[in-house]
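Worksheet for the structure shown next.
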Amino acid sequence: MRIFSGIRPTGELHIGNYLGAIKQWIELQEKNECIFCVADLHAITTPYEKKELQKNILETSIAYLAAGLDPEKSIIFIQSQVKEHAELAWLLGSIISIGELKRMTQFKEKSKKHPKYINAGLFNYPVLMASDILLYQTEGVPVGKDQEQHVELAREIARRFNQKFGKTLKIPQSLLPKVGAKIMSLQDPKKKMSKTGNTKGCIALFDSPKLIQKKIMSAVTDTGKNIIYNPKRKAGISNLLTIYSLFSGKSINQIEKEFKGKKYSEFKKSLAELIIKSLEAPRKKRKELLNREVYVRKILEQGKRRAELLARSTVQKAKREMGLI
Ligand code: TYM
């Protein structure tokens, strides 16, 4: 399968990004043709600092490599360096209605959050994301639950394009992990863990062991004392059980049995140790890569060149089918 996905470089990556997206990417790259970008063109649709963005673009690229993406197996590149992303987005913008874009949940949420920064880029964000995906004739898009609506729109855009102009674009499908498609905040388990949210509620991929321990131990849990999975009535513990399951590879049922009769604090201590151990290798690799910027830039340059070849052929075909000469 041809796979495509990306992450916005808007802050430190967290375990929600890892468990919802990157973990799948690493598994998928073994048997598929994978393309992953650092979605920097998406990052400029919300307020940002120039210096901070530059740092985040490089940090996100390093995080991909540190987490286990292999440049021998996957194409890894920076979105803005392949100009076809913006080009196809313009073409696709003409076949989707304003009404459909207004209904996008992320647009509504972000407009509410940044009322002084509701720019046209933010509004057109889902068209750019559709372009990212459709450019590569993608079949599978591994993402977390919050991006499902955008992938659905990309499918609709592709269908409509093909109907109107003749079969040109592959219809992609989203690949959501069975467990972990929506990791919740440790401080408010009714809300999604997010880069910009409460930092105490969010474990960054490269937080120090001490900080991970502190955040897990102070995670909000529910009244009662049983360690059982029940997202409606025990949202906090259920979220921690999900995280435990994903990092350990054990089923939730198995973990419930293991901690039967034990205290919340014992469970949390064990979870903190598990996360710290699981992230130890990526933490070391990141440290090493931070000192090898030339090597990282070379990988991104190679990725750009490989991505460009694929992207160019789709744009040429789309333009021709649309009647441009
Ligand atoms: P972004 O940067 O918000 O998130 C990156 C990936 O992490 C997933 N994710 C989560 N999964 C589980 N639990 C959470 N709490 C959690 N928070 C985030 C997201 O679902 C996503 O898979 N628009 C995209 C980036 C993008 C993209 C693309 C994705 C740009 N072009 C093309 C796929 C295909 C975004 O803002 O993701």
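Heavy atoms only: backbone and side chains are in, while hydrogens, waters and symmetry mates are out. We count ligands from 1, going down the list as the structure has it; atoms in each ligand are counted the same way. In what follows, residues are counted from 1 in the order of the sequence shown. Since we're looking at a predicted model, the values are computed, not measured.
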Q) Do Tyr295 and Ile76 belong to the same hydrophobic cluster, where Ile, Leu, Val, Met, Phe, Trp and Tyr are linked whenever their side-chain heavy atoms lie under 4.5 Å apart, directly or via other members? A)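 Yes, Tyr295 connects to Ile76 through the hydrophobic network.
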
What residue and heavy atom of the protein are closest to [atom], and at what distance?
{"atom": "atom 10 (C) of ligand 1", "result": "Gly16 O, 3.5 Å"}
{"atom": "atom 26 (C) of ligand 1", "result": "Gly6 O, 3.7 Å"}
{"atom": "atom 23 (N) of ligand 1", "result": "Tyr125 OH, 2.7 Å"}
{"atom": "atom 4 (O) of ligand 1", "result": "Asn17 ND2, 3.5 Å"}
{"atom": "atom 20 (O) of ligand 1", "result": "Asp146 OD1, 2.4 Å"}

Which atoms of ligand 1 sit under 4.0 Å from any heavy atom of [X]?
{"X": "Gly20", "result": "11 (N), 12 (C)"}
{"X": "Val141", "result": "33 (C), 34 (C)"}
{"X": "Lys192", "result": "15 (N)"}
{"X": "Ile183", "result": "12 (C), 13 (N), 14 (C), 15 (N)"}
{"X": "Ile133", "result": "32 (C), 34 (C)"}
{"X": "Arg8", "result": "1 (P), 2 (O), 3 (O), 35 (C), 36 (O)"}
{"X": "Gly180", "result": "12 (C)"}
{"X": "Ala181", "result": "11 (N), 12 (C), 13 (N)"}

Neighbour count >12 (heavy atoms, 6.0 Å) for atom [atom1], [X]:
{"X": "Glu12", "atom1": "CD", "value": "no"}
{"X": "Arg159", "atom1": "CZ", "value": "yes"}
{"X": "Ile98", "atom1": "CD1", "value": "no"}
{"X": "Arg160", "atom1": "CZ", "value": "yes"}

What part of [X] sits under 4.0 Å from ligand 1 if we count only heavy atoms: the side chain, the backbone, both or neither?
{"X": "Gln79", "value": "neither"}
{"X": "His42", "value": "side chain"}
{"X": "Leu19", "value": "neither"}
{"X": "Asp132", "value": "side chain"}

Q) Do Glu301 and Gln81 have a side chain donor and acceptor closer than 3.5 Å? A) no

Q. Using a distance-only test with no angle check, is there a side-chain donor-acceptor pair under 3.5 angstrom linking Gln29 and Ser74?
A. yes

Q: Name the option, out of Lys23, Met129, His85, Gln147, that contains the heavy atom nearest to atom 35 (C) of ligand 1.
A: Gln147

Q: Out of Ala39, Ser194, Ala21, Cys37, indicate the one that has the non-hydrogen atom closest to atom 6 (C) of ligand 1.
A: Ala21

Please work out whether the ring planes of [X] and [Y] are parallel, tilted or perpendicular, with thresholds of 30° and 60°.
{"X": "Tyr244", "Y": "Phe259", "value": "perpendicular"}
{"X": "Tyr64", "Y": "Trp25", "value": "perpendicular"}
{"X": "Tyr125", "Y": "His150", "value": "tilted"}

Q | Atom of Ile227, atom of Tyr264 and distance for their closest heavy-atom approach | A | CG1-CD2, 3.8 Å

Q.
Please determine whether a side-chain nitrogen of the Lys or Arg among Arg2 and Glu139 lies less than 4.0 Å from a carboxylate oxygen of the Asp or Glu.
A. no

